[in-house]
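First up is the structure itself, then whatever we jot down about it.
In what follows, every heavy atom counts, from backbone to side chain, and hydrogens, waters and symmetry copies are set aside. Computed from a predicted model, the values in this text were never measured in an experiment.
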Amino acid sequence: MARKGLKIASIVLAATLLSGSLYGCSNSGNEGSSGDGKDKVVTLKVLHNWNGSTGADVDMTPISKVIEEKTGVKVEWEYTKGSEVEKVNQIFTTEELPDIYTGPAWGGELDVIIKAAKEDQLVDLSDKLDKYPNLAKLVAKENVPPALYEKAIDAYGGKKYLLLQNQPASDKDGMDWLYGFYVRKDIAEQVGIDPQSVVTKDDLYNMLKKIKDANLKANGLPVIPLGGFHNGWAVGIGNTMFYPTEYLDKGDGTLEHNFFSKAYEEFTLYYRKMISEGLLDNEAFTQTDPIAKEKINQGRVAVLAAHYPAILDASKDYVKANPGSDYVPVGPLERAGAEANRPADLNIQGNNVTVIPKKSKNVDAALKLLDFLASDEGFMLTRYGIEGTHYEMKDGKPVAKQEFFDKFTADTSGKVRKNEGIGIGFESMAGRDQLNSLGGGDIWADQERNTAMENARKIMRPNGTQLISAFNPGDVMAKSSQWEMLKPSMDKIGDAWKEAVYAKSDEAAMKIINDLRKQIKSTGYDEAIQFVNAELKGKEVVKFGMPN
């Protein structure tokens, strides 16, 4: 039946696509034989540019097989291990490009993709979207945050290169990842700390100092007071205790980048103090994700800073073997300048941009694959699995088959789920996030995880949440005429901060910061920030922001 459907799809496609049929093409992206009367399958390489993402242990998962039957496309995955920014720079520098790229919708990764679009290295989708309605939704103005739309989607004279994936389709689809600091419950009890009594930056420092002074051991090694994941993700989220957002009001209604503020200096020296006193893992900014998780599984990390789902996943094995060692929320911590009853300001937007490089071996096949994945059918398949096999519909909502629910829950590695095809990257290209509005929530989440998330939400979000919809000055800065010269020096801020926190003295740390400040000024910052202030005069600007 699947092959029959494939032939019908091929006929329809041939009649509608000017560029020819998906199947039966003779380029190097195809495999199989048409001699037996069957259509060929196209193999496309997809780069999933998320550090630490992994695939299945099997060559073909059940879900991958359905996708191949539906689209005629077999996906060959490449996953990133290391910096996403370095990876995306590498592929365009070496021209070793995948057939489809999907990666973060922010930061340096997004900047590289925008640059590639401006250099015409990507496939222009503007004259193709009428044939792919599910992809058209991903670039519709009403479905993209306004600042991101101006910066990345509609920034090329009418051409469209980027697809924004995983943008919440409705308010109830917006995911709050509960970024924050979390402490091991047993360690907090052991050193006599109430996690909810930790509110100020002094409280956080004192808690970490108390853990350090307790000289705790795990697996024969010292317990690390504060740790993180790969390359320092996300130990720096304590910045919100020092300044409310990236661009600060100078008090006269004009903005400046927080890097030039006194608060940024205090933030830097606070973390330098933690490093110098052994409160923050000395390897936090250099370790890989597997090494970070090994430390967690050895029971060596007392406090973690990241989003809660990552912490729950990473600590699952250790908690199972050591009941009572769960990570529980700290605080909530103070936020610089925010009133005590202010809701958490969350910048919720799609977490993926997907593009097709011009060197893709089969653009039509890539478009067909992406359009299917972005359909309601594709969304349900990639999030829940195969109806009748992995789940059943009851009262209009997917309900997990008990057999698979038990298998997935018992497997702390996540490999069992990946080997079925869930969590291997297809979700990143499955259109808008409709987990609650189209589906029925995460049917594979175990009850313990749901309970932990709800408990954390009550603690971390006592005043609820509110979505950020105002203009981000950073997006406007990128449109200034000075940006091309200014960007390389602005991109060094993160590296300079890391270098400063490892400096031997406060004076040495400040020299690193001040040297870069001078460099940024010399590459056009003053003129660019004047442009930003002029462009944003009278407009609502982001004043508070929390990681999400």
Residues [X] and [Y]: side-chain donor-acceptor under 3.5 angstrom:
X	Y	result
E84	N51	no
D176	T465	no
D289	W233	no
N239	Y264	no
N143	R432	yes
S428	T102	no
N258	S261	no
Y179	N548	no
H257	E246	yes
E78	H48	no

Main-chain N/O of [Y] paired with [X] side-chain donor or acceptor, under 3.5 Å:
X	Y	answer
K45	D99	no
N166	D433	no
D515	I512	no
T80	G82	no
R272	A503	yes
D371	L135	yes
Y101	L97	no
E420	I63	no
Y271	G238	yes

In Å, rounded to the nearest 0.5 Å, how long is the span from [atom1] of [X] to [atom2] of [Y]?
X	Y	atom1	atom2	value
K361	T43	NZ	OG1	7.5 Å
S64	I424	OG	CD1	4.0 Å
K131	D364	NZ	CG	9.0 Å
H307	L312	NE2	CG	10.0 Å
Q519	M490	CD	CE	11.5 Å
K65	D59	NZ	CG	13.0 Å

Just wondering, do [Y] and [X] contact through their side chains at under 4.5 Å, heavy atoms?
X	Y	result
E76	V46	no
I67	V73	no
N231	F285	no
L44	V75	no
I275	Y502	yes
K151	K479	no
I513	F259	yes
Y384	I422	no

Margin query: For a side chain to side chain donor-acceptor pair (under 3.5 Å) check, start with the C-alpha distance between D120 and Y161, then their side-chain angles and the critical distance, and finish with the verdict.
Written below: CA-CA 9 Å; D120 203 28; Y161 297 99; 3.3 Å; yes

Using a strict cut-off of less than 4.0 Å between a Lys/Arg side-chain nitrogen and an Asp/Glu carboxylate oxygen, indicate whether [X] and [Y] qualify as a salt bridge.
X	Y	answer
E377	K70	yes
R517	E265	yes
R335	D345	yes
K358	D124	no
E95	K359	yes

Can you give the donor-acceptor pairs under 3.5 Å from side chains of residues 531-541 to other protein atoms, not counting sequence neighbours?
residue	atom	partner	partner atom	Å
N533	OD1	L255	N	2.7
N533	ND2	L255	O	3.4
N533	ND2	I529	O	3.1

Item checked: Ring-face cation contact, F260 with K521, 6.0 Å cut, 45° max ->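 Yes; both conditions hold, so K521 lies above the ring face of F260.
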
Check: Between K295 and E283, is a salt bridge (charged side-chain N to carboxylate O under 4.0 Å, His left out) present by the stated rule, with each step listed?
Finding: CA-CA 11 Å; K295 292 175 182 175; E283 299 175 338; 2.7 Å; yes

Which atom names give the shortest non-hydrogen contact between [X] and [Y], and what distance separates them?
X	Y	result
A136	L129	CB-O, 3.8 Å
A344	M546	CB-SD, 3.6 Å
P547	L346	O-CD2, 4.3 Å
W50	N352	NE1-OD1, 3.1 Å
A234	A306	CB-CA, 4.1 Å
V42	A365	CG1-CB, 3.8 Å

Next item on the list: Show your working on salt bridge (charged side-chain N to carboxylate O under 4.0 Å, His left out) between D57 and K418 and close with a plain yes or no.
Entry: CA-CA 8 Å; D57 289 333; K418 288 179 182 292; over 6 Å; no

Note to self: Does the plane of the ring in W497 sit parallel, tilted or perpendicular to the ring in F267? Use 30° and 60° as the thresholds.
What the structure shows: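 Geometry flag for F267 against W497: parallel rings.
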
Around atom [atom1] of [X], are there more than 12 heavy atoms of other residues, nucleotides or ligands at under 6.0 Å?
X	atom1	answer
E484	CD	no
E86	CD	no
K115	NZ	no

Margin query: Just to verify, which of K141, K160, K159 counts as forming a salt bridge (charged side-chain N to carboxylate O under 4.0 Å, His left out) with D154?
Written below: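 Exactly one option meets the salt bridge (charged side-chain N to carboxylate O under 4.0 Å, His left out) with D154, and it is K160.
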
Check: Could you walk me through whether D475 and L148 pass the side-chain contact (heavy atoms from CB on, under 4.5 Å) check?
Finding: CA-CA 7 Å; D475 294 333; L148 186 66; 5.6 Å; no

Margin query: Is there a side-chain contact (heavy atoms from CB on, under 4.5 Å) between M477 and L486? Walk through the geometry before answering.
Written below: CA-CA 10 Å; M477 175 78 86; L486 177 60; 3.9 Å; yes

Next item on the list: Please step through side-chain contact (heavy atoms from CB on, under 4.5 Å) for the pair N351 and W106, ending with a clear verdict.
Entry: CA-CA 8 Å; N351 57 16; W106 51 70; 3.7 Å; yes

